[in-house]
Amino acid sequence: METLSTPLVSLPIQANPEAPTIKNNNRNRLVLSLIDRCISLKQLKQVHAHMLRTGLFFDAYSASKLFTASTLSPFSSLEYARKVFDEIPEPNLYTWNTLIRAYSWSLEPGESVKIFLRMLCESPYFPNKFTFPFIIKAATKLSRLGVGQVFHGLVVKSSFGDDVFILNSLIHFYASCGNLDFAYRVFVRIAVKDVVSWNSMISGFVQGGCFDKALELFREMEAENFKPNAVTMVGVLSACTKMKDLEFGRWIRSYIEQNGIKMDLTLSNAMLDMYVKCGSVEDAKILFDKMEEKDIVSWTTMIDGYAKLGEYDVAKSFLDAVPRQETATWNALISAYDQNGKPQEALAIFRQLQLSKNANPDELTFVSTLSSCAQLGAMDVGEWIHENIKKQRMKLNCHLTTSLIDMYSKCGNLEKALDVFHSVERRDVFVWSSMIAGLAMHGRGRAAIDLFYRMHEAKVKPNAVTFTNVLCACSHSGLVEEGRMFFNQMEPVYGVVPGVKHYACMVDILGRTGLLEEAVEFIEKMPITPSGSVWGALLGACKIHENVELAEQACSQLLELEPENDGALVLLSNIYAKTGKWDNVSELRKRMRVSGLQKERGWSSMEVNGTLHKFLAADNSHPLSKEIYSKLDEIVAKLKSSGHVTNKSLLLQLIDEEDMKEQALNLHSEKLAIAFGLISTSPSQPIRIVKNLRVCGDCHTVAKLISKLYNREILLRDRYRFHHFSGGNCSCMDYW
DNA sequence: CTAGGGTTAG
């Protein structure tokens, strides 16, 4: 092949009138044909330079050909394309369109719109039928309803109102902005619909969650004798997937066969996904084995399918078998572990990914692994991931920001969470909400509320999650009035209909302060059926305020909804113990023993230099067990001499945090962890502990005293919130 | 020489 490094013969800039025209000139044709054969930006630039030298670049057709190549070739950059464009003296309409298209595909679709406006101002051209699909695509990517509507108006005014290509892009635009109504209006007004019109509308309905409407349209399409194609079937299948209707999915399979629709790769993948999501990995496996062509999506779908079933070995074997391991396949396994409560396994896979040479972690990997760190309270690992993100110069999008804030908050480092929050430019509703949640779990209710107002000032609309977090903040800080106010304002002021979680929060807020009657009234007035969590909140309040009668009612309501909820009976028996009703306690215990009810075992964990140490109650499996217990003895002695008396009534309770047989309060897992923390970390470091259940009263008191006696900050995360112990006090102000 | 619709992971 010709190489471009050998200089081509230069041409005179102005050909004389008798000479062949630029286009017909053989040498010029050769130069233009070289454009398509460039395999690197360097080569393209050489052709560009040559064309400038010979003057060929100043021929509109030739320049646009070079320009098109610069926008389309995989090695090129938009930056370069833009420079080429700016050199073209008088770009023609084709060239303008090409630039608009290039940006509509890019990460900055907004540029498309800007260039379109520039074209209107600077060029003598009007948009043609090709221009509109490009700018509508840009509006779609921007998800800006208003922008698209302006274009729609222009379409009508420029009398392109019956161009099916343009109208189809408008259907897609309106549907992806969530405005199915407008999309449908465009659809019905198309005089001569083609298959793309139907497909756009069907998949629009599916994406908008209107599965029935999508299927109805599919039937209508059939009734009008329109032949569906593979894309139609992908839409119908994805509706079926969302409805989890395996029978219907199987019907679609036979429909496809009967109608001779070709199962292309995407359709096969959609079918795989349908089988997996509708609960038949078996069918998926059969199809997968039959597929001649497979891509990353096929493999990922299978990995995800097995991992979600808990068949991690099979999932792992699929991961190992992927011909070209890409990040997405790893992510499928990592996120499956993370979401199924196996954060340590997720991090183990992450470590393997880092060692593998075939793939690099991406944004999604980080989101999943940060969530695992948050679950575990593994801050060293989390920080290390944060460093990795920085090293890769990865830009923090809102998703990643949210994950980082969540990780730092749940690992007890609220300051770092705030640092991340303040450092980013873009904050969507999830970023704000996660920061509010972080402040809430650390007992900084006022700050959480302040942040809510700042979010409002920033014109970010709160959603249901935001309100759950705000109400949580009120609950953790005992802000009854504020809680009531937010709850009452939710719907009328912010347009968020209270869900069952919000009701549960309110019951918690009222109940905790002792407003038990009001809480009961509140439950009775609920317009939706109270869930277990609502009764659970009431039961918890009954424990604090020692209301046996109400506790019994709440407990039976709770067990009716959630018969397997062991915590309810444990809580009730503790209320009996606290109020001295020992007969009831033993009766309950018997009942629990008979039904084989076992409570979750309590554990506490602590991370030291990236390694997680986990303790059960009375645990002596740790290598440093001896040292830990002698430290514990020292602590007990110190506490005694400082006047601390173990609350005997607590000893007799069936402590909900620990196993029945291990009632010895001094052997609670959090105490072991604290003792371990004292001997394994430097005095300047806070001791960070994560506990799976709620901290018990005695441990809470002891932790406060230790923080004073040893002058140590202790950060304990329990099931509900954080406790910052320092100088003999706790951030929860004993309100938890 | 340019155009519209589709599958996975949070």
Side-chain angles (χ1 to χ4, degrees), chain A residues 32 35-36 60-62 64-69 71-72 92-102 104 128-137 140 160 163-173 175-176 183 186-187 190 193-204 206-207 228-238 241 263-274 276-277 294-305 307-308 326-336 338-339 362-371 397-400 402-403 406 430:
Chain A
L32 293 185
I35 291 176
D36 297 327
Y61 174 80
S62 308
S64 67
K65 189 148 169 69
L66 176 80
F67 173 63
T68 306
T71 64
L72 289 181
N92 57 22
L93 183 53
Y94 169 80
T95 311
W96 281 104
N97 282 347
T98 306
L99 187 63
I100 292 169
R101 175 182 63 169
S104 76
N128 65 2
K129 62 174 177 173
F130 295 108
T131 319
F132 285 110
F134 299 145
I135 51 173
I136 293 167
K137 172 114 185 161
T140 308
F160 286 117
D163 184 299
V164 71
F165 270 84
I166 297 174
L167 294 174
N168 289 347
S169 6
L170 281 170
I171 296 176
H172 181 65
F173 162 73
S176 66
V186 175
F187 173 77
I190 303 179
K193 301 178 183 70
D194 65 7
V195 68
V196 179
S197 317
W198 289 94
N199 291 350
S200 304
M201 198 60 238
I202 289 175
S203 45
V206 175
Q207 270 145 32
N229 63 12
V231 179
T232 322
M233 299 324 290
V234 171
V236 176
L237 259 178
S238 106
T241 307
M263 283 278 278
D264 65 14
L265 182 59
T266 307
L267 182 52
S268 302
N269 285 341
M271 184 81 73
L272 278 184
D273 187 45
M274 182 279 292
V276 165
K277 297 261 163 67
K294 293 168 185 137
D295 69 353
I296 191 69
V297 176
S298 332
W299 287 93
T300 308
T301 306
M302 295 305 292
I303 291 173
D304 189 54
K308 289 243 161 78
E326 289 177 35
T327 310
T329 39
W330 290 86
N331 288 348
L333 196 58
I334 293 175
S335 72
D338 174 62
Q339 280 163 47
D362 67 5
E363 196 180 275
L364 201 82
T365 321
F366 291 131
V367 168
S368 298
T369 46
L370 284 171
S371 150
N397 61 14
C398 290
H399 225 117
L400 214 43
T402 305
S403 304
D406 187 56
F430 294 100

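Note that this is a predicted model, so its numbers are computed, not measured. Within every chain, numbering begins at 1; the chains are lettered A, B, ... in the order of the sequence lines, protein sequences first and strands thereafter.
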Taking the side chain of [X] as heavy atoms from C-beta outward, which of [options] is closest to it?
{"X": "A:Thr266", "options": "B:dT2, B:dT7, B:dA3", "answer": "B:dT7"}
{"X": "A:Ala230", "options": "B:dT2, B:dG10, B:dG6", "answer": "B:dG6"}
{"X": "A:Thr301", "options": "B:dT8, B:dG6, B:dG10", "answer": "B:dT8"}
{"X": "A:Val234", "options": "B:dT2, B:dT8, B:dG6", "answer": "B:dG6"}
{"X": "A:His172", "options": "B:dA3, B:dG6, B:dT7", "answer": "B:dG6"}
{"X": "A:Asn128", "options": "B:dG6, B:dG10, B:dT2", "answer": "B:dT2"}
{"X": "A:Val297", "options": "B:dG10, B:dT8, B:dG6", "answer": "B:dT8"}

Q: May I ask you to say what A:Ala328 touches in the nucleic acid, namely base, sugar-phosphate or nothing, with a heavy-atom cut-off under 4.0 Å?
A: base
Q: Using a 4.0 Å heavy-atom cut-off across all strands, classify A:Gln339 as base, sugar-phosphate, or nothing.
A: sugar-phosphate
Q: Flag as yes if A:Phe130 stacks onto the base of B:dA3 (centroids under 5.5 Å, planes under 30°), otherwise no.
A: no
(Q) Is it the case that the base of B:dG10 and the side chain of A:Asn331 share a donor-acceptor contact (distance under 3.5 Å, atom types as modelled)? (A) no
Q | A:Phe173 six-ring face occupied by A:Lys137 cation (under 6.0 Å, within 45°) | A | no
Q.
Going by the rule side chain to side chain contact (heavy atoms under 4.5 Å, CB included), which residues pair with A:Ser268 if we only count those two or more places apart in sequence or in a different chain?
A. A:Met263, A:Met291
(Q) Among residues at least two apart in sequence or on other chains, which ones pass side chain to side chain contact (heavy atoms under 4.5 Å, CB included) with A:Ser371? (A) A:Asp338, A:Gln375
**Q.** Presence of A:Lys277 side-chain N/O under 4.0 Å of B:dA9 phosphate oxygens OP1/OP2
**A.** yes
